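First the structure, in the form of structure tokens, and then the observations on it.
All ligand and atom numbering here is 1-based and tracks the order in the structure. Treat the numbers as computed from the prediction; the structure is a model and nothing was measured.
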Amino acid sequence: MGERVKKLLAKMTLAEKIGQMCQVAGTGGISQGLRNAVREGKVGSVLNETDMATLNEIQRVAMEESRLGIPVIIGRDIIHGFQTMLPIPLGQAATWNPDLIRKGARMAAVEGRSAGVHWTFAPMIDVTRDPRWGRIAESPGEDPYLTSVVGAAMIEGFQGKNLSDRDSLAACAKHFAGYGYSEAGKDYAYVNISESELRNIALPPFKAAVDAGVATFMTAFSDINGVPATGHAYLNRTVLREEWGFKGFVVSDWDSVIQLITHGYSESEKEAARASVAAGVDMEMASQTYLYNLAALTEEGKISEAMIDECTANILRVKFELGLFDHPYTDPVHFPEKGNPEHLDIAEDAARESIVLLKNDYNVLPLNPDNLQNVAIIGPMADDAHEQMGTWTFDGKEAWCRTPLQAIRERLKGKANLHFAKGLSNSRSRSHEGFAEALDIAAKCETVIMFMGEEAILSGEAHCRADINLPGAQNELLAKISKLGKTTVLVIMAGRPLTIEQTGHYTNAMLYAWHPGTMGGPAIADIIFGDAPPSGKLPVTFPKHVGQIPIYYNQRMSGKPATHDSFTYIDNIPQRAPQTSVGNTSFHMDVGFEPLYPFGYGLSYTRFHYGDVRLSAHEIKADESIEIYIDLTNTGERRGAETAQLYIRDRFGSITRPVRELKGFKKIWLDPGQTETLTFTLHADDLAFYNAENKRVVEPGDFDLWVGGDSRADRHAHFKIIE
Ligand code: NOJ
């Protein structure tokens with residue numbers, strides 16, 4: 001590969017090299033301008049063009065009419081499925097099932113590649129602790145370890161066994177880096193993050209992506225501590241290339257090179273181009289500062305030709321690895337009219353395992369179809385294919401979607417009468433016009449299943465919210481229905497954690513289904529009627545109130561941590577109480593210090609019992625590992641799946657350590673009465689962190705360890721790392 005790249009590079013003019021570094025946006029069809037640019041070798045990549053005839057024609061011009069016949073790489077945002085939609089990435093993370101996530105990405109790659117796409121801008125692995133941020137929907141949540149595992153599984157799925165296979169997609173780890181820390185959960189906002197936080201929390205998933213062999217990286221839109229990511233040489237060169245040895249190429253985000261001017265970082269387009277190349281950004285997406293300025297910058301000696309060669313070589317290497325020189329074209333395919341059944345099955349499995357049971361008073365779930373007579377289905381999300389697909393569904397086939405209403409209708413056919421009313425025309429509606437009809441059917445039925453949440457457009461890029469309650473008049477409708485005293489089940493479909501403390505009081509059972517994708521309907525019906533148990537666990541902490549944000553499980557202790565005894569509720573503070581700082585602790589006096597639902601949380605239809613933790617050793621050296629054993633028993637009456645989670649705490653460090661850190665998990669299925677011994681292996685190196693000098697160290701000392709079903713896990717053991 002190296003030889004082929006070298007040979008080709010030797011033949012290229014400066015202009016042709018710069019051409020490889022330019023990615024242009026498709027405009028639907030091949031314009032004369034695009035045709036000429038490709039012919040002249042000025043286009044290295046095209047994004048957002050999906051008409052296969054157009055793509056093949058672009059490629060033909062590149063291969064046959066450009067001087068050197070270098071193929072164009074076609075990019076597309078295949079974020080959670082191409083035409084068959086998987087749950088949004090946050091939902092996929094809730095499955096805690098890397099094999100299933102890998103399968104989903106593989107399926108997306110097969111569909112995308114057969115439509116002519118070579119490269120997806122996924123996975124998005126920005127750790128985020130802010131549900132106001134719309135892009136939390138695209139992320140695997142708040143934890144660096146879970147995000148690393150999910151990201152790596154997606155990369156393996158997209159890229160397949162070999163990148164050169166004709167059904168592989170080059171993956172893209174994005175957005176490098178720190179984007180999830182956008183201030184106030186507002187997209188594109190400033191990111192103020194210490195290097196310690198960056199190194200210990202934000203960067204590990206990106207390092208894991210490099211280790212998983214990801215072909216490309218994308219920079220973040222963010223200004224990080226005063227240097228926009230697209231001009232950030234420390235991140236893109238020192239960390240990514242020098243420390244981690246990344247060999248693929250780095251693409252900017254859309255217009256993020258030219259935005260260096262808007263940020264107030266570069267004074268001109270020429271300077272923006274210079275800063276980006278100097279920072280190690282090999283390809284410019286959308287804006288064209290490279291095309292118009294790199295030649296002059298090179299001639300003036302402001303950028304060396306060696307730098308241009310390096311960028312070009314990085315891009316060509318990926319094109320060779322993808323096999324684009326040998327197979328530049330895509331054979332026309334016809335997608336099955338109703339979707340590929342195997343792909344739909346994968347989407348359904350993923351949706352089913354992504355659903356989290358948050359509450360189930362009196363075990364109202366699962367519902368037994370044989371015991372139902374009249375069932376009301378209510379809510380704006382019950383029968384809306386578009387909304388259940390979620391954000392980033394450019395190519396998603398609405399017609400292939402199965403909605404909850406359709407699926408429930410099928411299940412109850414011949415068994416119970418079904419009544420449906422939307423109640424609200426959409427999730428944002430404030431109108432009470434539809435309430436009467438909804439209340440009317442609810443009154444006639446003994447069971448009410450409600451589908452509420454957020455429409456797809458309320459999350460995703462640039463779709464941030466300051467108030468993360470259920471939007472519109474949904475809570476009001478729920479409150480009225482709850483007064484009827486029926487058995488109520490609420491299914492929430494949303495792109496983020498919503499503040500649903502009050503909402504939860506209006507219903508007996510609550511399922512969180514995220515935006516579940518094409519097969520959301522049957523997946524939800526399976527859970528509701530007990531054909532499958534709920535097995536999702538939260539990949540992100542659910543706050544009680546938006547004012548608690550950022551709230552996350554792996555926080556630091558504080559010198560005055562809150563306890564149930566030390567917390568004083570605002571209404572309990574006496575009038576004219578004297579001020580004192582003695583005995584005070586860290587909490588909000590109006591909402592406390594705990595989340596609504598902790599990270600890792602999710603109920604089942606059965607019960608699990610964790611035995612005692614046993615360790616293979618109580619002391620290990622920094623180059624050794626420890627085995628952790630625990631018996632897990634299904635003590636309930638139904639088959640179920642449990643995700644056992646392993647957390648550690650480094651008791652004392654040269655810098656303070658998080659109160660808990662997830663270090664492993666296992667999802668297993670157990671029959672009633674069945675016990676399995678789970679084994680986790682923890683290497684001392686897994687306990688390393690970046691210290692005050694930003695050196696990765698394993699510090700000897702005491703460690704706590706817990707195993708359990710969520711981040712409050714209580715089966716405890718202690719061990720030491722010794723010199
Ligand atoms: C902007 C988004 O930030 C990025 O994630 C996406 O891949 C590009 N646009 C291309 O659509």
- [ ] Determine, for Glu321 against Lys247, whether the closest basic-nitrogen to carboxylate-oxygen distance falls under 4.0 angstrom.
- [x] no
Open item on the list: Tell me which residues fall inside the under-4.0 Å heavy-atom shell around ligand 1.
Closed with: Leu47, Asp77, Phe121, Arg135, Lys174, His175, Met218, Phe221, Asp253, Trp254, Met285, Trp392, Glu461
Task: Thr289 side chain to Glu269 side chain, donor-acceptor N/O pair below 3.5 angstrom - done: no
Task: Under 3.5 Å side-chain donor-acceptor pair for Thr84 and Glu111 - done: yes
Open item on the list: Under a plain distance cut-off of 3.5 Å, with no hydrogens placed, do Asp187 and Tyr179 share a side-chain donor-acceptor pair?
Closed with: yes
TODO: Please name the pair of heavy atoms, one in Gly495 and one in Leu90, separated by the smallest distance, quoted to 0.1 Å.
DONE: O-CD2, 4.0 Å
Task: Charged N-O contact under 4.0 Å between Arg465 and Glu454 - done: yes
